[in-house]
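Since the structure comes first, as structure tokens, the remarks are kept for the end.
All values reported here derive from a predicted model rather than from experimental measurement.
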Amino acid sequence: TSAVALEPHTYYTVKTLERVNTPDNLLILFRPRSTLYRSGVLLLSGNVSPGYVGELNFGIINLRNEPFMLELGARICHAMFFQITGTSAPYRGQWQGGRTTTDGGKEIQV
């Protein structure tokens with residue numbers, strides 16, 4: 001199994017192997033798996049808006065004083081799905097498709 005060492009006190013962004021195709025009536029929230037925070041690793045996450053399609057990106061910080069080995073494909077979070085009743089506008093933002101950075105460009109609010 002392939003693994004990567006998260007160096008002590010270092011921030012990383014991670015992209016999941018999984019992709020989502022979120023229906024217009026669902027919102028997804030994430031919680032870290034307890035193995036991470038029991039090991040001194042902090043996972044930063046947001047939500048997935050209705051209509052978002054693409055990979056998921058998270059921030060992760062190794063708060064330990066030694067490297068933490070993270071295996072490729074390891075489960076790092078739990079997804080919680082919330083059904084939206086009524087109407088919602090589908091996601092139409094610039095991060096659609098799983099883009100990781102602005103590549104030095106300006107973020108455009110839509």
Side-chain angles (χ1 to χ4, degrees):
T1 303
S2 296
V4 62
L6 302 181
E7 294 301 322
H9 309 287
T10 304
Y11 175 81
Y12 299 89
T13 56
V14 295
K15 183 182 278 194
T16 62
L17 299 171
E18 298 83 7
R19 293 178 52 85
V20 295
N21 186 6
T22 315
D24 291 345
N25 68 338
L26 282 184
L27 172 79
I28 310 171
L29 297 178
F30 300 93
R31 300 292 301 163
R33 289 180 52 91
S34 66
T35 302
L36 288 181
Y37 58 79
R38 290 173 197 236
S39 300
V41 177
L42 177 65
L43 182 74
L44 303 165
S45 64
N47 66 286
V48 170
S49 298
Y52 174 78
V53 175
E55 293 95 350
L56 306 170
N57 291 281
F58 299 104
I60 195 165
I61 303 171
N62 179 4
L63 300 172
R64 301 156 41 118
N65 291 324
E66 62 271 343
F68 177 80
M69 298 305 293
L70 183 63
E71 291 184 15
L72 179 64
R75 295 174 295 162
I76 59 173
C77 67
H78 297 284
M80 299 181 297
F81 298 85
F82 293 87
Q83 185 173 10
I84 297 171
T85 57
T87 59
S88 68
Y91 181 79
R92 59 187 181 89
Q94 62 188 338
W95 305 103
Q96 187 74 281
R99 192 178 83 177
T100 304
T101 70
T102 59
D103 293 325
K106 183 176 180 189
E107 182 175 343
I108 301 168
Q109 299 298 315
V110 293

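- Side-chain atoms of S2 never come within 3.5 Å of backbone atoms of L72 as a donor-acceptor pair (strictly under, hydrogens ignored).
- Take N25 and apply the side chain to side chain contact (heavy atoms under 4.5 Å, CB included) test, not counting sequence neighbours, and it matches P23, Q83.
- Across every non-hydrogen atom of P67 and P8, the tightest pair is N-CG, 3.8 Å.
- With sequence neighbours excluded, no residue forms a ring pair (Phe, Tyr, Trp, His ring centres under 6.0 Å) with F68.
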Show every donor-acceptor pair shorter than 3.5 Å between a side-chain atom in residues 28-45 and any protein atom, with sequence neighbours excluded, or say none if there are none.
{"from": "R33", "atom 1": "NE", "to": "R75", "atom 2": "O", "distance (Å)": "3.4"}
{"from": "S34", "atom 1": "OG", "to": "R38", "atom 2": "NE", "distance (Å)": "3.3"}
{"from": "S39", "atom 1": "OG", "to": "T35", "atom 2": "O", "distance (Å)": "2.7"}
{"from": "S45", "atom 1": "OG", "to": "F30", "atom 2": "O", "distance (Å)": "3.4"}

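- Here CZ of F58 is found 12.0 Å from OG1 of T13. Values are rounded to the nearest 0.5 Å.
- Think of L17 as one node in a network of Ile, Leu, Val, Met, Phe, Trp and Tyr side chains linked at under 4.5 Å; it has no links at all.
- Counting only residues at least two apart or in different chains, side-chain hydrogen bond (donor to acceptor under 3.5 Å, both in side chains) contacts with residues 60-69 comprise H9-N65, R64-E66.
- Closest approach of G51 to D24, counting heavy atoms only: CA-OD1, 3.6 Å.
- Atom CG of N47 is separated from atom OG1 of T22 by 10.0 Å, given to the nearest 0.5 angstrom.
- Scanning for side chain to side chain contact (heavy atoms under 4.5 Å, CB included) contacts around T10 gives E7, Y12, with sequence neighbours left out.
- Nearest heavy-atom pair across S49 and L27 is CA-CD1, 4.2 Å.
- Taking hydrophobic clusters as Ile, Leu, Val, Met, Phe, Trp and Tyr residues chained together by side-chain heavy-atom distances below 4.5 Å, Y52 shares a cluster with F81.
- Grouping the Ile, Leu, Val, Met, Phe, Trp and Tyr side chains by contacts below 4.5 angstrom, directly or via other members, places I84 apart from L26.
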